[in-house]
Structure formats: C-alpha cells, structure tokens
Amino acid sequence: MQDTVVSPEKAEEAKLKARYPHLGVRPGGSDLLRKRLTKGQKYFDSGDYNMAKAKMKNKQLPTAAAEKTEITGDHIPTPQDLPQRKQSLVASKLAV
Amino acid sequence: MAGVGGGNDFQWCFSQVKGAIDEDVAEADIISTVEFNYSGELLATGDKGGRVVIFQREQESKNRSLSRGEYNVYSTFQSHEPEFDYLKSLEIEEKINKIRWLPQQNAAHFLLSTNDKTIKLWKISERDKRAEGYNLKDEDGRLRDPFRITSLRVPVLMPMDLMVEASPRRIFANAHTYHINSISVNSDYQTYLSADDLRINLWHLEITDRSFNIVDIKPANMEELTEVITAAECHPHQCNVFVYSSSKGTIRLCDMRAAALCDRHSKFFEEPEDPSSRSFFSEIISSISDVKFSHSGRYMMTRDYLSVKVWDLNMENRPVETYQVHEYLRSKLCSLYENDCIFDKFECCWNGSDSAIMTGSYNNFFRMFDRNTRRDITLEASRENSKPRAMLKPRKVCTGGKRKKDEISVDSLDFNKKILHTAWHPKENVIAVAATNNLYIFQDKMN
C-alpha cells in the first residue's frame, strides 16, 4: 500500500539509497562538480600517455581481444583503448 | 485541432527532415546546436563531429507553391577538429557546443562557433562572378609570355555558378581552462561573452589575443566548490547587462558598469524552496541548463530538468510563470539518475513575439506553451509523421491507470530519443527541432 504522505521524489531517493547505501549525502557537492570539470581527462599525465604510446610500438599486442570496457579510474587507459580520434573528413549527412 | 502560438489556433505541420534514416547513428552525426540567424533566412546546425551545416530558405515564388520557403543546404564546413592537450592530458572534443550568428552588416554572413575550448568567427560569403579576360594569364591560369602580348584588354566580370565559401576569420583560443558552455553576442555588435564552468570572458570581435575576465567563481580551495556556471547570455538591448545561471538553480544578473570584475551580482534570482520537500535529487534537477532573454528584454526564461520558468527581470524572488515539461518523470528520478539522463541539458526558446516558448523532452517529444492562453501542447518529431504538410497530432503521456488509445505510458518512453536543441524562427512560425541526428523543420499551416 502506497504511503501517500511521501512525495514521489522522496520515494525515488529511498529507492536510490537502497541500491547504493554508500552514496554521499550531498550529491551536488564537490564530487559531482569535479567530475564535470575534469571531463575529457584520459591519462594521469602526459608522461603516462607517452610511455603508453611507446609501449605500443615495442610490444606486439594481441589483436583487440579485450571487450570495450569503460575507462574507469582504476584502469590506466592506453591509446589502443581509446576510440579512434580520426578527424572528420566525411561530410555531414545533413548536407546531402 | 488547437495548436499553440499566439492567440489564434495554429496548426503545426511537417515541412522537412534532414539527415540519415538508418537506425545506426554515428556519434559524429549527433546534432549539438541549432540556430536561426537574425532574419530567419539562414539556419545553422553544429554536430559532435565538429561540422557546421547552414541551410538557406528558398525565396517563395507564386508558381512554385510546393516549396513554401523550404530550407536547403547553403554551406557546410568543418569548424573544429579533435585535439589533445598534452600538457593536461585532456582530450578536446570537436563537438560544436554553440553557434551564434552576428547581425548581417554586409553581403557576407558571420557566425561564431565554439567547442569546449576554442571559439571561431566564420565568414560565409557568396561568389557568383569571376573575372575573365586577363592579360597576363589565359583562361586555364597559365601565364602568357608577356612579349607575345600585342594588345591590352580590360577583364570583364562574368557570371559563374554560385559558390559559397566559409573561411575562419578569427580564432579565439586559450582563454578557457574549463569547458565552454555558452557564447553570446552583445547588442553593441562589437563584443561577445564566452562562459565556462567557472569563468566568463568578454571578447572584442576584432581582437583574438586578449579577453577580459568578467566573472570568476573559482574558489581558492577547489574542495569548497559548490556550484558551477551552466549558461550565460547578454541582454538583447542593454550592452552592459548579462546574466548567468548556475547548477544550483540560481541566476545572477550583472552590470558591467558597476565593476570590471562582476563577481558581485546586481540582481540575484532564486525561487524559494520548501525545505521539507528537499531530497537527494533537488539540487540536480534544479540545475539550470539554459537561460534565454525574451526578445523584449523584459523577461528571461530558464530551463531546469523538469520545468521551464519565466522570470520578470524586475522580480528576483520568484518566477512569474512556471511550466511543467514532463512532471511525470519526478517518480522516475532514481532510474534517470542511474542512466545519467538526469544530467541531460535541455535548451529552450522564445517565439518572435515572446508569446510562446518551446522546449524538448524524451521520446522525440517537444513541448510548446502559449503564455497568453496558458495552453500547452506536446508534439513528436518522427519519421512516421513526415508526409509533406502533414499536420502534427498532439501527443499525450499517460501517467498511470488506464492508458487511453494513442497515449504512451511513461515506461514506454525512449530516453535515448532526446530533443535537447530547438530553435524558433525570429519572425515566423517556423521551428527547427534536432532529434539526435535528424533535423526536423515544422511550419504553421497558415504560413
């Protein structure tokens, strides 16, 4: 039986807390905002990136066996993992 | 069937759709911004692949009544390329975040386009004549032997097939540490502002190596960061006034005459919140994704996750009008947080006379609100309803209980089909709606 006193928003909040008990109390705080500010960051630093690139050249890598898992903080991305950053030479399909 | 848009019953009809039909949407083809120019003659789109496509409205002619002012491709060019900032290990997307037109001052058209880091001023010009009859070179361009020339002639201008050229005239780079979310041309037509998450800069259109920082909300200690700038816009008439919105649902109006650094606002707009209704989601859904001044300059409109609010610039303590876009999503916030949809940034726009406003939603639905009659309508951008001049049928979302025929239940909505970008012609009832990789153009039947 639905508790009509609880607002739909609060009910949703309860659902979220049930699924993720360790979720911070202040979601709009630093964590969320910092994630927004550092969007696009792929490597720890440029040295990391260059070393990874150099390793690519030396080693014979197995053909892309790894699934396309999301690049998370635990995983140090390599140039191989990143989607192809090819420059768009193809014309937009809107212009057809 | 009653429509929305200024008193009379307008009927929105399908006019055109641009883009590929196939289900497999390439990331680069996703439209990221749509903007009419000041006359409405040109319509520009930007996409995630860094490309700009400009459409031009065909001149209406009596005998060709079928193409009632259709938009056709005028020019297309690659505005931004993907970059990698080696110093910060930052990938810079080529996605065009915003396009803003400059008012037309001569035969050429100018627009500003920006990605996360760099703003570019593009000149789009036509060439329909070329000179023929040079003395020193023949028609293929090969140089003629000057000693063989026995007579002189004056080159004449001959007509040629229209060629539209786009060239970058200014590149405004290296002024933003964070991601640019807004650009806005000032009413003085000499300056413009650009805003990122923490700072706003003022530029002169002629000067690329310098810009003034006019707002800086970066705290000394980043741990103390509580809000970011989400959008900014110059006032349409008062060149000293601009506003910026925040992730906490507030808007600050600043006057550049007051100080060089506008960290202290002149006006602060915030709707009081009922503390008892506060939840985990309150701040996230109050984050303003877009702010737009009315054409009159008297009002401004803000879009947050669930609603659109109209504010009177003379009243800071609450909006004068609030319109619910998709209130039925309030009971779905948990899953919308999990799939990140709660962070989607919807835009909003006014019609030319400020009597109606429009914004997008999910399932390729978009909403229009008539400010005078208080009527609202939900329409859908869909290929299924794309016969020429087919009238759009109002859509309805069923929130619970018995679902009527033609209604769609909340759980059946496709959250991947989001309409984030819409634009309204500055003078007529013509609208452009971006549905992922397709651009729909709708016109009022009476147009």
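All chains are named by letter (A, B, ...) in the order of the sequence lines, taking the proteins before the strands, and each is independently numbered beginning at 1.
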Within a reach of under 6.0 Å around CG of B:Asp85, are more than 12 heavy atoms found that belong to other residues, nucleotides or ligands? yes
Just how far is it from atom CG of A:Leu33 to atom OG1 of B:Thr226, taken to the nearest 0.5 Å? 7.5 Å
Does the side chain of B:Val228 reach to within under 4.5 Å of the side chain of A:Arg36, using non-hydrogen atoms? yes
B:Asn437 versus chain A, heavy atoms under 4.5 Å apart: side chain, backbone, both or neither? backbone
Heavy-atom proximity to chain B below 4.5 Å, by part of A:Ala95: both
So, A:Glu13 side chain and B:Phe280 main chain: donor-acceptor pair closer than 3.5 Å or not? yes
So with a 6.0 Å cut-off around CG of B:Asp274, is the heavy-atom count from everything else above 12? yes
Heavy-atom contact with chain A under 4.5 Å, split by part of B:Leu336: neither
If I measure from the heavy atoms of chain A, does B:Thr76 come under 4.5 Å with its side chain, its backbone, both, or neither? side chain
Check for a donor-acceptor pair, side chain of B:Arg51 on one end and backbone N or O of A:Val90 on the other, with a separation under 3.5 Å. yes
A:Arg19: what forms a salt bridge (Lys or Arg N to Asp or Glu O under 4.0 Å) with it, not counting sequence neighbours? B:Glu338
CA sep, side-chain torsions, deciding dist, call: A:Glu9, B:Leu333, side chain to side chain contact (heavy atoms under 4.5 Å, CB included): CA-CA 7 Å; A:Glu9 231 178 277; B:Leu333 293 177; 3.4 Å; yes
With sequence neighbours left out, write down each residue that passes side-chain hydrogen bond (donor to acceptor under 3.5 Å, both in side chains) with B:Asp411, or none if nothing qualifies. B:Lys332
Starting at OG of A:Ser92, measure out to CD1 of B:Ile31 and round the result to the nearest 0.5 Å. 7.5 Å
Interchain contact, B:Tyr74 with chain A, by part (heavy-atom threshold 4.5 Å): neither
Rounded distance [0.5 Å steps], NZ in A:Lys17 versus SG in B:Cys334: 11.0 Å
Which atoms of B:Phe77 come close to chain A, meaning under 4.5 Å heavy atom to heavy atom: side chain ones, backbone ones, both, or neither? neither
Under a 4.5 Å heavy-atom cut-off, does chain A meet the side chain of B:Ser286, its backbone, both or neither? neither
Which value, rounded to the nearest 0.5 Å, describes the distance between B:Thr177 atom OG1 and A:Leu37 atom CG? 10.5 Å
What part of B:Ser282 is in contact with chain A, defined as an atom under 4.5 angstrom from a non-hydrogen atom: side chain, backbone, both or neither? both
d(A:Lys93 NZ, B:Ile21 CD1) to nearest 0.5 Å is 12.0 Å
A:Lys10 and B:Arg278 have their tightest heavy-atom pair at CE-O, 2.8 Å
